Undergrad: 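Got a structure for you, written out below as structure tokens; questions coming shortly.
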Amino acid sequence: METLAGKGKFLLYHGNLEVGENDEAALFLVNEVFSKLDIPCVIAGNNPSMLLKQLVKKQENIQLVENTTIDSIHHLIKEAQINVLPTFQATGIKLKLINALFL
């Protein structure tokens with residue numbers, strides 16, 4: 001993979017949003033972090049909850065990218081200025097961290 005030069009364009013959180021812990025992390029980010037920022041934020045993943053969709057619609061700076069391909073996720077990771085990796089459990093973070101560092 002080739003690292004892009006310059007600064008990224010947005011903050012990114014990604015994960016399978018069908019998984020309860022990932023949905024919980026995304027909801028936390030929308031309510032407690034991203035909604036308080038004045039910069040673009042992207043949440044990407046499969047099958048987001050209706051609540052997450054509703055909350056994101058209310059925020060001008062947050063975009064929800066639903067049901068995308070692995071290639072698209074990799075592209076988002078590379079373009080992001082910051083990859084946000086919150087978790088409320090010990091599992092799952094390892095793969096996200098490795099992908100973010102690699103890409």
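Sequence positions, counted from 1, serve as the residue numbers for this chain. The structure displayed is predicted, hence computed values, not measured ones.
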Undergrad: Kindly write out the residues that satisfy side-chain hydrogen bond (donor to acceptor under 3.5 Å, both in side chains) with E18, not counting sequence neighbours, or none if the list is empty.
TA: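 Partners of E18 under the side-chain hydrogen bond (donor to acceptor under 3.5 Å, both in side chains) test: N47.
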Undergrad: I'd like to check V33 versus V84 (side-chain heavy atoms, cut-off strictly below 4.5 Å). Are they in contact?
TA: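 Not in contact.
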Undergrad: Name all pairs fulfilling the salt bridge (Lys or Arg N to Asp or Glu O under 4.0 Å) condition that reach into residues 44-68, sequence neighbours left out, sorted by first residue then second.
TA: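 Pairs touching residues 44-68 that pass the test: K53-E66.
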Undergrad: With ring pair (Phe, Tyr, Trp, His ring centres under 6.0 Å) as the rule and sequence neighbours excluded, what pairs involving residues 33-53 come up?
TA: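 Every pair satisfying ring pair (Phe, Tyr, Trp, His ring centres under 6.0 Å) with a residue in residues 33-53: there are none.
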Undergrad: What distance separates L55 CG from S35 OG, expressed to the nearest 0.5 Å?
TA: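 With rounding to 0.5 Å, CG (L55) is 9.0 Å from OG (S35).
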Undergrad: Got a sec, which residues hit ring pair (Phe, Tyr, Trp, His ring centres under 6.0 Å) with F10, two or more places apart in sequence or on another chain?
TA: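 So F10 forms no ring pair (Phe, Tyr, Trp, His ring centres under 6.0 Å) with any residue.
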Undergrad: If you round to the nearest 0.5 Å, how far is SG of C41 from CD1 of I62?
TA: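 SG of C41 is found 5.5 Å from CD1 of I62.
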Undergrad: Looking at residues at least two apart in the chain, or sitting in another chain, which of them share a side-chain contact (heavy atoms from CB on, under 4.5 Å) with A25?
TA: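 Per chain and number, A25 pairs via side-chain contact (heavy atoms from CB on, under 4.5 Å) with Y13, P86, F88.
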Undergrad: Identify the two heavy atoms, one from N46 and one from N16, that lie closest to each other, and give their separation to 0.1 Å.
TA: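 The answer is O-OD1, 3.6 Å.
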Undergrad: What are the two closest heavy atoms between A26 and L17, and how far apart are they?
TA: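 For A26 and L17, the tightest heavy-atom pair comes out as CB-CD2, 4.0 Å.
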Undergrad: Applying side-chain hydrogen bond (donor to acceptor under 3.5 Å, both in side chains), name anything that partners S72, two or more places apart in sequence or on another chain.
TA: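 S72: side-chain hydrogen bond (donor to acceptor under 3.5 Å, both in side chains) contacts with T68, T69.
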Undergrad: For the pair I43 and H14, evaluate side chain to side chain contact (heavy atoms under 4.5 Å, CB included) and give the outcome as yes or no after the intermediate values.
TA: CA-CA 6 Å; I43 298 172; H14 73 282; over 6 Å; no
Undergrad: Taking only residues two or more places apart in sequence, or in another chain, which ones meet I39 in a side-chain contact (heavy atoms from CB on, under 4.5 Å)?
TA: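 Only L11, L37 meet the side-chain contact (heavy atoms from CB on, under 4.5 Å) criterion with I39.
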Undergrad: Which pairs pass salt bridge (Lys or Arg N to Asp or Glu O under 4.0 Å) with one or both residues in residues 26-49, sequence neighbours excluded?
TA: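 The answer is E32-K36.
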Undergrad: Let me check something: do L12 and V19 share a hydrophobic cluster, defined by ILVMFWY side-chain heavy atoms less than 4.5 Å apart, either directly or through other members?
TA: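 Not linked; separate clusters.
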Undergrad: What distance separates Q63 CD from L76 CG, expressed to the nearest 0.5 Å?
TA: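 If I round to the nearest 0.5 Å, the distance is 8.0 Å.
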